[in-house]
2 protein chains.
Amino acid sequence: MKNTGDRRRTIYDVAKAAGVSISTASNALNGTGRTNAETRERVRRVAEEIGFRPNALARGLLSKRSHAIGMLTNDTYGRLTLPMAAGVSEVLVDHGVSVFLCATNNDPRLAQLHLEALLDRQVDGIIFTATRLDLTPPVQLSRLPIPVVYVFAEGPADSVTFFPDDEQGARLAVDHLKELGRSRILHITGPRDYLAARIRAQSYLDACGDGAEAMFGDWSEEWGHEAVQTVFARPGAKPDAIFCGSDEIARGVIDALRDLDVEIPTDVAVVGFDNWEVVARQTRPPLTTIDMELKELGHRAGLAILSLSKGEPAPAGITRLPCRLVVRQSCGSPLQSD
Amino acid sequence: MKNTGDRRRTIYDVAKAAGVSISTASNALNGTGRTNAETRERVRRVAEEIGFRPNALARGLLSKRSHAIGMLTNDTYGRLTLPMAAGVSEVLVDHGVSVFLCATNNDPRLAQLHLEALLDRQVDGIIFTATRLDLTPPVQLSRLPIPVVYVFAEGPADSVTFFPDDEQGARLAVDHLKELGRSRILHITGPRDYLAARIRAQSYLDACGDGAEAMFGDWSEEWGHEAVQTVFARPGAKPDAIFCGSDEIARGVIDALRDLDVEIPTDVAVVGFDNWEVVARQTRPPLTTIDMELKELGHRAGLAILSLSKGEPAPAGITRLPCRLVVRQSCGSPLQSD
DNA sequence: CTGAAAGCGCTAACAT
DNA sequence: ATGTTAGCGCTTTCAG
């Protein structure tokens with residue numbers, strides 16, 4: 001008695017098969033109104049038997065809530081976005097909310113197109129993601145009739161925004177190095193025009209005080225390599241630890257140190273930032289680094305948009321989620337495995 | 001005269017503002033039926049002015065086509081999925097089709113949940129993606145009332161399936177090496193239980209004939225490193241080229257070769273597989289490798305599901321999309337930059 | 001060429 | 001406790 005025909009079963013089919021009216025069927029299925037327990041069971045059983053599934057379009061049309069949200073991202077490569085998106089999807093699926101993925105490639109036309117599509121689909125909210133915190137959304141997101149949550153991106157003042165706590169993350173790294181007895185800590189990081197790079201650097205400078213030095217470059221291995229060569233070629237005291245702004249930079253640093261026959265972690269300890277496993281696990285020795293908890297970021301963003309879409313409150317302003325120290329072997333001492 | 005209130009404008013508002021009936025408004029907007037050119041223009045202008053946007057839910061309810069598709073993926077990390085998904089989204093957005101992203105984490109319960117949600121939302125089709133070709137979908141995807149396209153995953157016989165042409169890709173690599181005059185080519189690749197690894201290896205063996213040797217291990221740098229050490233420690237002729245099953249392996253290979261003071265590409269040329277830029281660009285020297293054209297794969301999958309959802313045909317069975325050789329510096333000779 | 005009316009599948013008053 | 005009915009916003013016959 002399964003659904004043999006091609007037509008999808010509607011609540012009308014359920015009602016007919018159960019010998020009740022359409023509204024009783026609806027009530028029984030949704031537990032709304034007053035329904036005889038016995039009737040309810042029967043209806044539900046019948047619905048199951050004939051393979052009834054409610055049409056979300058019809059529901060949404062009536063309730064004015066589509067139980068879907070849009071994720072607008074300009075991250076082409078997806079190294080940050082996908083783990084995040086998985087987190088978002090993960091919390092929302094249990095609430096019956098689905099996620100539209102819209103990759104804008106940072107193209108305003110595409111972004112606009114996607115935004116309109118989302119609005120037309122009556123999404124209950126939008127999560128906007130970028131890869132840098134100081135980039136403006138490629139499209140006007142304020143004054144929308146639906147809530148917007150920003151992740152890794154800055155929205156208008158007081159908008160709900162999540163990002164990793166770069167400051168705390170950097171402090172975590174520096175404190176770890178200090179605890180291991182390192183005192184001449186160097187910081188090699190990405191471009192100065194990245195807000196995240198600036199915040200991490202400032203946090204490092206605050207923690208290390210006099211003699212601390214932050215070297216800005218770009219987010220590449222090559223830069224890490226080059227920076228180390230520069231530092232070890234010049235006269236003066238050499239660092240006994242290097243805190244890197246990214247795992248890729250750290251990898252370059254580690255390679256350069258090995259080229260110079262500097263022992264890791266004996267002579268120099270190294271900490272990265274990102275916990276990008278494919279990099280951090282493969283350095284020799286494996287890299288101690290800072291994890292930004294991308295999935296958790298996604299969870300929080302998902303919950304926030306869920307609240308907002310129900311008219312409930314969400315943490316206004318910028319919420320910075322704590323980072324986590326992942327200890328591997330590039331810092332030595334407290335012998336811990338991954 | 002823009003939409004000032006909070007209520008969304010409906011076609012009823014358009015009709016009223018333009019002084020026509022609802023159906024005329026609909027016809028004018030969609031170019032259906034016979035409408036006076038002047039009326040049509042007026043209606044369209046008015047619609048624009050008051051910020052009317054059609055409700056996709058209502059449309060879908062009526063037309064029984066939601067103009068949305070679902071992408072079901074079990075790729076957690078997203079290295080393959082996101083570029084693909086971007087490709088899918090890219091072709092479809094221009095056709096007014098949006099994409100639901102569903103990450104299953106390879107969990108059958110989650111997959112089932114997502115699948116039901118997609119069906120409830122009346123998606124016009126589903127693209128299923130895995131990271132290995134020989135893994136079964138975590139959920140029953142055949143006998144669905146909507147079309148399914150498989151990418152990087154094998155569906156039931158005759159289902160529409162896309163994946164990269166591993167055989168051609170491997171041949172591309174080997175041919176390139178041969179053209180450069182290399183004759184003792186070694187193959188270091190991933191686990192034997194990956195279909196892709198087996199196909200690439202077989203293609204290599206077919207092309208290289210006697211004396212060819214394929215070493216299976218895992219998809220890590222470490223394995224590449226280890227394999228090189230093994231080969232160079234044993235007696236006998238050494239390879240003058242190494243074709244690797246992945247860029248990560250290639251990176252390990254390159255590092256190991258450098259440790260052994262073997263010159264690249266002079267003594268040994270190296271080719272990778274994946275063109276995973278973060279790896280391939282950062283090896284020293286940068287890696288010549290095989291690109292699987294993930295975005296194009298996404299394009300094709302998107303177009304296929306689009307056709308199928310309209311009742312039009314799509315290439316049945318397995319379609320293998322050609323890979324592309326990306327020449328960098330790890331093979332030397334025909335001096336080309338990236 | 002335009003308008004009135006039916007109805008997509010569902011829920012929520014309101015009757016019964 | 002259950003059934004009847006009126007829409008949600010839109011497209012689409014079918015009359016005028």
Side-chain angles (χ1 to χ4, degrees), chain A residues 3 5-44 46-47 50-68 96 119-124 145, chain B residues 3 5-44 46-47 50-68 96 119-124 145:
Chain A
N3 181 349
D6 42 344
R7 209 180 95 272
R8 297 196 54 155
R9 296 335 184 120
T10 74
I11 198 167
Y12 175 82
D13 297 318
V14 177
K16 199 171 61 175
V20 295
S21 83
I22 195 172
S23 62
T24 302
S26 173
N27 280 333
L29 258 15
N30 300 312
T32 52
R34 297 151 305 228
T35 326
N36 189 325
E38 187 201 342
T39 317
R40 186 166 56 240
E41 274 324 301
R42 183 160 41 88
V43 170
R44 288 187 177 176
V46 167
I50 68 175
F52 166 77
R53 302 249 72 218
N55 183 325
L57 263 35
R59 267 196 182 176
L61 181 56
L62 205 49
S63 66
K64 300 191 177 306
R65 304 202 54 229
S66 62
H67 294 278
L119 258 18
D120 292 356
R121 290 174 194 286
Q122 316 290 112
V123 293
D124 300 333
Chain B
N3 182 349
D6 40 341
R7 212 181 92 271
R8 296 196 53 153
R9 293 344 182 106
T10 74
I11 199 167
Y12 176 80
D13 298 316
V14 177
K16 200 172 60 174
V20 295
S21 79
I22 282 184
S23 58
T24 303
S26 173
N27 280 334
L29 259 13
N30 301 311
T32 52
R34 296 148 307 224
T35 326
N36 189 326
E38 189 201 342
T39 317
R40 186 165 56 238
E41 274 324 300
R42 183 160 40 86
V43 171
R44 288 187 176 173
V46 167
I50 68 175
F52 166 77
R53 302 248 73 217
N55 182 324
L57 264 36
R59 264 195 183 178
L61 181 55
L62 206 50
S63 67
K64 300 190 177 306
R65 303 201 55 229
S66 63
H67 294 279
L119 258 18
D120 292 356
R121 287 171 196 287
Q122 317 289 113
V123 292
D124 300 333

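Every chain is numbered from 1 and lettered A, B, ... according to where its sequence line falls, protein lines coming before strand lines. None of these values were measured; they are calculated from a predicted model.
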[Y] side chain reached by [X] side chain, heavy atoms, under 4.5 Å:
X: B:N30; Y: B:R59; result: yes
X: A:K64; Y: B:R8; result: no
X: A:T10; Y: A:D13; result: yes

Its contact letters, B for base, S for sugar-phosphate only and - for none at protein heavy atoms under 4.0 Å, make nucleotides 6-16 of chain D read -BBBBBB----
About how many Å separate CG of B:L62 and CG of A:L57, when rounded to the nearest 0.5 Å? 10.5 Å
To the nearest 10°, give me the bend of the helix from C:dC1-D:dG16 to C:dT16-D:dA1, comparing the axes of its five terminal pairs at either end. 50°
Check: [Y] main-chain N/O paired with [X] side-chain donor or acceptor under 3.5 Å:
X: A:R40; Y: A:T35; answer: yes
X: B:R121; Y: A:S66; answer: yes
X: B:R9; Y: B:V14; answer: no

